[in-house]
Asker: 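Handing you a structure now.
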Number of protein chains: 2
Amino acid sequence: MSRPALSRDRVLRAAVELADSGGISAVTMRRLAEELGAEAMSLYHHVANKEQVLDGIVDVIGAEINEAAARVTLPSHGDGWRKAARVRILAAREVLLRHPWAPALIESRTNASPEILLHMDALVGIMRDGGFSHDQTHHALHALGSRAVGFTQELFTPGNGPATGEPDPVMAAMAKRLPNLVGMLSEIAHDDPDSTLGWCDDQAEFEFGLDIVLDGLDRLR
Amino acid sequence: MSRPALSRDRVLRAAVELADSGGISAVTMRRLAEELGAEAMSLYHHVANKEQVLDGIVDVIGAEINEAAARVTLPSHGDGWRKAARVRILAAREVLLRHPWAPALIESRTNASPEILLHMDALVGIMRDGGFSHDQTHHALHALGSRAVGFTQELFTPGNGPATGEPDPVMAAMAKRLPNLVGMLSEIAHDDPDSTLGWCDDQAEFEFGLDIVLDGLDRLR
DNA sequence: ACCTGAACACCGTTCAAGT
DNA sequence: ACCTGAACACCGTTCAAGT
């Protein structure tokens with residue numbers, strides 16, 4: 001009957017599962033405890049507070065990223081840097097696609113996650129191997145921004161969100177005042193009526209943006 | 001004695017002020033009401049719920065962006081597109097620098113803000129004037145991502161956060177396992193010991209990353 | 001040492017009642 | 001029509017008490 005003892009690790013793993021199934025807002029101390037067959041107050045013996053749970057979740061995801069990246073490591077010397085950086089970043093992205101709540105959480109945290117720092121360190125190593133100076137590498141990290149971790153926050157690029165087939169209601173109401181946007185969207189929908197809402201392929205778009213930045217950086221090398 | 005009547009507009013303006021002075025977490029229905037000399041429940045006569053308050057705040061910021069951009073509009077035909085897009089985006093950025101909580105909020109909203117859509121529409125107009133196809137413009141918006149609205153979420157690029165002069169404690173503890181990152185940071189600190197923590201100039205970095213993307217796009221035109 | 005129940009100080013929101 | 005007080009169903013967290 002007695003469930004396995006609580007531990008920081010079990011708490012964090014349960015928190016990730018909870019977020020996966022109910023979004024980040026489902027992660028409350030009370031529900032987390034319930035999931036673990038304990039009382040909310042028991043969690044505080046393994047975790048200082050909720051902030052630390054959220055930091056811990058990010059680190060769990062970071063570890064998943066580093067594991068995934070380790071399986072696709074490529075030689076990074078000279079020209080190889082570009083491909084090596086690209087596959088590492090795309091490996092991170094695949095992890096995030098399994099945890100769609102993670103990008104927003106990662107960005108909202110102000111504490112550094114050790115695992116994500118390891119990911120960044122690996123990326124810096126790749127760029128150094130490629131021949132970038134420390135200064136160029138520093139600029140490069142800023143230019144990549146969150147893309148270095150495999151995502152771009154999509155704002156509400158119109159057409160985003162659940163692919164209901166319905167046009168965004170806010171956009172529809174404003175169509176008259178958004179001639180350029182509406183023109184663009186209607187043409188794209190026309191060109192490719194079968195893709196999601198006829199307009200967005202996130203993976204292709206991510207890679208397009210990533211390649212623009214990587215190419216720009218390669219040119220500076 | 002009787003304060004001016006409540007209104008959706010006054011509620012939203014007070015919410016922005018509250019966020020400016022105490023961060024987004026200071027925006028609660030109860031405190032918002034207090035700020036307005038009313039009871040929390042009175043707000044619900046002017047706003048459906050808190051979600052709508054948050055959407056409204058984003059729209060207020062969006063309106064500020066469009067006002068700022070209107071003051072720096074440039075001709076956008078042909079080669080002019082690049083400069084026109086650049087100044088509009090940097091105008092947006094200046095607004096966001098006055099509301100440091102806004103980027104995270106903008107990214108977290110799933111509803112489109114009419115004012116931000118107007119900003120995007122203007123940007124699409126500029127790119128169309130510059131000679132981009134609808135398809136290219138669509139790709140360009142994705143490549144720009146949040147940069148189109150004047151910000152890049154900075155993750156915890158180490159060295160971020162309050163410029164205490166102290167190195168990040170998490171990084172310090174892991175120095176041995178982060179040889180590349182530590183090497184990069186120490187050299188940058190050495191090169192330019194007087195800037196913030198000797199390492200980050202957000203504005204310069206933003207413009208560097210923006211120019212990389214704009215150049216990449218210009219090359220496709 | 002680990003876990004717990006009751007309690008506290010907050011939330012957003014509903015509802016019935018006031019003017 | 002606009003505003004309100006009391007109440008409800010949640011939060012995170014403290015504290016004293018149990019084993």
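To find a chain, count down the sequence lines: A is the first, B the second, and so on, and within it residues start at 1.
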Asker: Do the side chains of A:R98 and A:D20 get close enough for a salt bridge, i.e. N-O under 4.0 angstrom?
Answerer: no
Asker: Side chain of B:K50, heavy atoms from C-beta onward: which of C:dT4, D:dG12, C:dG12 has the nearest atom to it?
Answerer: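 Of C:dT4, D:dG12, C:dG12, C:dG12 is nearest to the side chain of B:K50.
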Asker: Does D:dT13 have a Watson-Crick or wobble partner in any strand here, with both distances under 3.5 angstrom, and which is it?
Answerer: C:dA7
Asker: Is B:M41 touching bases, backbone alone, or none of the nucleic acid, heavy atoms closer than 4.0 Å?
Answerer: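 Base, at least one base atom sits under 4.0 Å.
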Asker: Between B:S186 (side chain only) and B:V182 (backbone N and O only), is there a donor and an acceptor less than 3.5 Å apart?
Answerer: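 A pair under 3.5 Å: yes.
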Asker: Give a yes/no on whether any side-chain N or O of B:H45 is located under 4.0 angstrom from OP1 or OP2 of D:dT4.
Answerer: no
Asker: Taking 4.0 Å as the cut-off, does a side-chain nitrogen or oxygen of B:R31 come that near to OP1 or OP2 on C:dC11?
Answerer: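 So the side-chain polar atoms of B:R31 do come within 4.0 Å of the phosphate oxygens OP1 or OP2 of C:dC11, strictly under.
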Asker: Identify whether NZ of Lys or CZ of Arg in B:R93 sits under 6.0 Å from the centre of the six-membered ring of B:F206 and within 45° of that ring's axis.
Answerer: yes
Asker: Go through the steps for B:H138 and A:E187 under the test side-chain hydrogen bond (donor to acceptor under 3.5 Å, both in side chains), then give the verdict.
Answerer: CA-CA 10 Å; B:H138 171 215; A:E187 183 170 316; over 6 Å; no
Asker: Between B:D55 and B:R109, is there a side-chain N and carboxylate O pair less than 4.0 Å apart?
Answerer: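 Yes, B:D55 and B:R109 are salt-bridged.
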Asker: Does A:R30 have a side-chain nitrogen or oxygen under 4.0 Å from the phosphate oxygens OP1 or OP2 of D:dT13?
Answerer: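 For D:dT13, OP1/OP2 do not have a side-chain N/O of A:R30 under 4.0 Å.
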Asker: Within this structure, what is the CD-to-C1' distance between B:E34 and D:dT4, rounded to whole angstrom?
Answerer: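 Distance, rounded to whole Å: 16 Å.
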Asker: Please state how far atom CZ in B:R10 lies from atom P in D:dC2, giving the value in whole angstrom units.
Answerer: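 It is 14 Å, rounded to the nearest whole Å.
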Asker: Find the distance A:L32:CG to D:dC11:P and express it as a whole number of Å.
Answerer: 12 Å
Asker: I need the CD-C1' distance between B:E39 and C:dT14, as an integer number of Å.
Answerer: 16 Å
Asker: For A:S42 and for B:Y44, find the nucleotide of DNA chain C with the closest heavy atom, then tell me which residue's nucleotide is more 5'.
Answerer: A:S42
Asker: Could you give the CE-to-P distance, from B:M29 to C:dC10, as a whole number of Å?
Answerer: 18 Å
Asker: Can you tell me how far P of D:dC2 sits from CG of B:L6, to the nearest Å?
Answerer: 10 Å
Asker: A:H46 has an atom NE2; how far is it from atom P of C:dT4, in whole Å?
Answerer: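 Rounded to whole Å, this separation is 11 Å.
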